[in-house]
Structure formats: C-alpha cells, structure tokens
Amino acid sequence: MRVLLVEDYPLLRTNVTECLIEAGFAVDSSGCGEEGLWYALNHDYDVILLDIMLPKLGGLEILKKIRSRETPTPVILISARDTIEQRIEGLESGADDYLIKPFALEELVARVKVQIRRKHGSTSPILRAGDLEINTTLKTVQRDRHDISLTKREYQLLECFMLKKGEVLSREYLAQHAYQDYEGGSSNVLDVYIGYLRKKLNIHGLPNLIKTKRGHGYFLVDDPQP
Amino acid sequence: MKRPSIRARLVLWAALLTTSILLIGGYLLYFSVRSSLYSQLDRILENAASVVIIEVEVKDSKVYHEWREALEEDPYQKAHTLIQVWDQKSGESVRSPALQDHDLPKKHGELGERVFFDLTLPDGTRGRAVGILIHPVLEHPERDPDFVPAKHPQIFVWAQSTKNLQDILIHTRTTFFIGGLVIIILLWIVIWKITSYSLKPMEIVSKDILARPGSEVGKPIPIPPTLPSEVAGMAETFNTLLERIDQSRSKDRDFFLNVAHEIRTPLAGLHSSLEQALRRERSLEDYQHRINEALDSSRELQLLIESLMRFGRITRQVDQPVINEHRLLDLLNVIWLPLKTRAAEKDLTLAFKNIDENSTLTTDERLARIAISNLLENAISYASPSSAITITQQSPHQVVIENKIDEHTIPPESLSRFFDPFYRRDQARSDAKGHAGIGLGFTKEIMVILGGSIQAKQSKAHSISFILNFPI
C-alpha cells in the first residue's frame, strides 16, 4: 500500500516515513506544499498524510485541490492545531481523519490501515478470498486453515491482491503499492516475487489463486475452481 | 455609590423650568388682570367724579353742594356713596351721609388732575378713591359778580369699596394657583413618561447585553433601525469597543495557539524519534543518532521556552529601562560582533550611514541591544545573500535598519503583522529559519517600554526597512 506524507518538520517526516515503511507501506514524502500537491495529483495513493502548516501551499489548500479533482484517496490531516473549530475546518475541507501532534506512531499506522480498509470497502482487519485469509493486523496468512509463511514483500503483494480481489492489477501498480524502493522500468523482480507467492499459496494441490491476464497484469480470484 | 439619574435630572430640570415659566407667566397674567380691573375701576370713579364735581356750585356767593340733594333722592346711593369735599379757604368739609363722621384721605393733584389711591374705608374694607382739586362752578356769574371761584378751591374725594374687585382677584389667584399646580403635576407626569419611554431602548439594550450567554459576550449587539439615534450611537460605540476587545482576545488566543503549535511540532518530532528508537533492537550508532535527533528537538523546545520567558518578562515590564546617552557606533559594534559569523556564511556585510564616532543614542543600553540585535538577526536570516545590511541614523532619535530581500514586494498587511508573535508570512515552520518567531514581537514590546515605536516599511522593491523611533 502506498502512502504520501507531506510534512515540513524534517525530523517528524523522517521518523514517520521510516515507521510506515517498517509497517509495510510504500511511502513518498515531501516537506513542501507545492511538491506534495504534485505527488498527490500525479500518483495513486492509498492514503495521504497531510500537515496543515506547510511552506508555499498549506495543507488545507492541497486538500481542497485534491477534492476538487474528485480524487477519493483518504486523507489524514496531521497538525498541532487542535481546537474544535480547526478540526471541524479540516474535516469539512474533505479530510477523512484528523490526528493531533504529538501522536503515537502506532496510532498513526492504525489509522492509516483503517483508512485503507475503508477505501477498499472492508471494516475488518481480516481479508478473505475463498479459502485464503489474511490478518492485516498480525500480518498472518492462512489457506484452508493452514498457516503460510510469507516474506515481507510477498505479504505486501498479497495484501494488494486481497484488497483488490478480482481486479486486474498492472505490474506497475503492484510495484508502486507494494514496494518502497520501486524505481519503475522493466525489472522482472515483481514477476519473480509473484512466482514465489503463487508457489507458497498453492499448498496441498489447492487451485492457483493468482492468475495472469496477458498484456495487462495479474488478478486474484475470489472463488478458485479446481 | 448612588449614580446620577438621567431620568431624575430630566424630570427635575424640566419641572423646574416649566414651574418657573408658569409662575412668571401666572404672575404677569395676574397683574395684568389686576391692573386692567383697577384701570376700569379708576375710569368708573373718574367718570362718576366728573359728573359730580360740576355739582359743587356757587349760589348766592356761597359754595353749594348740589350732589347732596341727588343723594337724598336715592336711598341706595345715600347709603353707599362715599364723598367728602373740603373747602380750602374755610377749611370746612362736607361728607356724604354714608361717611357719617369719618374722613377720607385728603389727596389731590394739580387743578383738575385726577389722583387715584387705595385706602381703608370706614367699615375697614379696602377701597379706591379719586381726589381732584376743583373750583366751584359759578352757575350765574351775573348774580355773584364778586365771587371768584379760584379763591375758593375745593378738594373733592370720591371713594368706592373694592370688595368685589378683591373677590375677583382672590378668585383669579386661586384659579391660577390650582390651575398652575395641576399643570405642573401633569407636566411632571408627562415628562416622566416621555423620559421613561425615551430611555426604554437603553434598558432593552442593557437587558439584552446582560442576558447574553458567555459564548456570545464578544458578539456585537444588534442595532435595529427603530433604535433611537442617541442610543444607536452609544450601541455602535459599544460595538466598536467590543470589536477591539475581541481583536485583543483573538490576538491572545492566537498567541497561545501559536505557542501550542510551536511546542507541539518539535515535541512530535522528539516523540517520534524516541518511539522509533524503541520500536526494535538497533545498533549503538543508530541509537546514538536517534538520541541526538531527540536532543536537537529538545534544544529547539528549550530555545522556544526561553524566548517565551523573555517575552513574558518584557511584556510584563519586569525590566525597567535605565535611560542614558550611548555612543551609537560602539553599541552597534557590540551587537554585531556575535552575529558576524552567521552574516559571513551568507556573505552579508554591515554598512553605516550618518553614523560616526560622535553619533549618540539616548536609550536603555540593554533593551536597545536586544531590540537591535533581534532586528539584525532577522535581517541576516532573510536578507538576500551577498548583500549589505545598512544602519542609518536619520535623526538623533531615529535609527533605520534596511536589508535586501529576494521578494519584489511585501503586501502591506504582512508588514503590519511582522511584529505579531509567531507571525510568519508562510505558515510553515520551515519559514522560521531557526527562529522561535517572536523576535520582532520582542523588539516591538521593547520599543513600547522605551516609550518609542517601530515600523516596517518597504520604500523600494527588493528591500525592507525597520524604523526605530526612540523617544525625544
């Protein structure tokens, strides 16, 4: 899942970025309002974390510009401005959540996850597709009630598929949303990881869940036929 | 403390005024009526006397009073007519029967002149009389050729009771008094009612203000079009005051919100550094790096808190100024010394205009050093690289600090807000350039304490001037 962080206080930006990456998110970060807006309008993010007091362009203006383009990406405002009026102003400008500084990084991660689940129409941290089940909080995977051990990258890929099950996901989309260090280009690293993931999921001769749509990408089938 | 009442004043003064007018008016009217009645009475007396005096005749060389015969014929006249005539030559007098043996006052003027006067009649009542000096009428001069009337002057006095007239005057006085009293009471009531009605809107406005809930105290009071202009004017003045109070409160609120914001952001950085450090096992270098980051944030917080403490001391005027004359050049050199390194990093130079060895500035040295130092620090932070910061002494009491800036123009509203604590043209902390955001606010407070003022001006493009006016 890809997150955009726009925060001008460098220490906080660094720590939040690091924490989100450790939590399994791919993160783009910026300390400038104008640059942040460019990122938001030109990339597909699962969540945007936005400070309000930013240089060049304030967070609320960025938010209004994002919403004026009818971009549905969840936005969490992070600010030291804590009055009721300020929170109402932020939420009424189109924010989905408002987090007051200083905050616990764990709480921030939890709120980001909530927004991602909501975006994909789920309220539970447990995602299911047929006999496959993943717990996004514990980061555990089971198929046909058997635990499956995945690496961090494999898990991130699977979570992307689970949140958009049935949808054909391009290689670029998967790389952008699953990997922090994606640089674009024609690397076949992604195909390798999808291969690993398929192998691990196809336990005990169970049908393949991740299908290939040639020339378009991959998709996760909700109810695989044997 | 009992406060003066507008209503009581209005009623009292209006009542006093109307009472005075009524009293003076009534007095004048009464005396006009009285005078008119007396004139009428005098005319009656005069007419009657004029008819009767020709009845003092000369017959057979003697003065004969024919009027007495006429009285005898009319019993009413006989009983009421009061006439006495004195013969000046013989000294004898003739009275009408009604006078019995009483005398009337012997008053008269020149020959033929009617002299009117008040008197007390024999029965004790008040009366009015006319006295005339006459010569008896010589009816048949041929019969009394030797009688010379001029040698037998007669004093004729006719008196008349004024009881009726007095009754009329008493009645008039009573009517005036009662009427006046009724009018005064009615006027008092009317004035009271009018003042109550006129002051009612003031009471309504007062009640409206008092009935407001705490959350609406600062809101302007409504001024309906029906509100009288005097009260509306006062309400508008009150609203202006409320607006100023609200602005001041809003400034205070912004100050505290800004303080909270300024503290929270480095605190969030500090918090996140420590949280990240403890999140998992790390190498010693990583721990050291994170602790150093946290220390940097805590230093930033410390700087902010120290700045706030200094600001608090300055605004509470704990430090009282000690005014002396100082050599300006020495003062500026002392201020510039610790700033030189930072200025050199941006290749900034300091230039003086109209300042030489003899230039002086009369001020508190310590406070002036803080004020000018803050301005120079600000200039170093925001000046265009490789430019000059110029300090000019425009007059013995005015110092101007000017520096080049990258921006072409600064909006006037920003210039006026430069001295607001934590004000930044750009909202972000990154615009702070290492400042707590209250340096210029400090400088303004210091100048106020010194009895002077400070102003930010942009007299030309890509330049900004801070004008310090020290008191004369």
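Hydrogens, waters and symmetry mates are skipped; everything else that's a heavy atom, side chains included, is used. Below, chains carry the letters A, B, ... as their sequence lines are ordered, and counting in each starts from 1. Remember, predicted model here, so these are calculated numbers, not experimental data.
Other residues, nucleotides and ligands contribute more than 12 heavy atoms inside 6.0 Å of the NZ atom of K139(A). Taking a 6.0 Å sphere around CZ of R118(A), one finds it holds 12 or fewer heavy atoms contributed by other residues, nucleotides or ligands. Heavy-atom neighbours of K457(B) NZ from other residues, nucleotides or ligands within 6.0 Å: at or below the threshold of 12. Atom NZ of K113(A) has more than 12 heavy atoms from other residues, nucleotides or ligands within 6.0 Å.
Counting heavy-atom pairs closer than 4.5 Å to chain B, the top residue among D51(A), D82(A), I78(A) is D82(A).
If you run side chain to side chain contact (heavy atoms under 4.5 Å, CB included) between S272(B) and each of L108(A), N15(A), T14(A), only N15(A) comes through. When each of E293(B), R290(B), E300(B) is checked for a side chain to side chain contact (heavy atoms under 4.5 Å, CB included) with L11(A), only E293(B) meets the rule.
Distance check: E22(A) CD to R280(B) CZ gives 4.5 Å after rounding to the nearest 0.5 Å. Within the model, atoms CZ of R81(A) and OG1 of T265(B) stand 11.0 Å from one another, a figure rounded to the nearest 0.5 Å. Atom CG in L267(B) sits 9.5 Å away from atom OH in Y9(A) (nearest 0.5 Å).
With hydrogens and angles disregarded, no donor-acceptor distance shorter than 3.5 Å links the side chain of R264(B) to the backbone of P102(A). Although no hydrogens or angles enter the test, the distance criterion places no donor-acceptor pair under 3.5 Å between the side chain of H271(B) and the main chain of A104(A).
A salt bridge is defined here as a Lys NZ or Arg NE, NH1 or NH2 lying under 4.0 Å from an Asp or Glu carboxylate O, and R282(B) with E18(A) meets this definition.
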Should R279(B) and L105(A) be marked as a side chain to side chain contact (heavy atoms under 4.5 Å, CB included) after you check the CA-CA gap, both sets of side-chain angles, and the distance that decides it? CA-CA 10 Å; R279(B) 209 173 167 83; L105(A) 292 173; 4.2 Å; yes
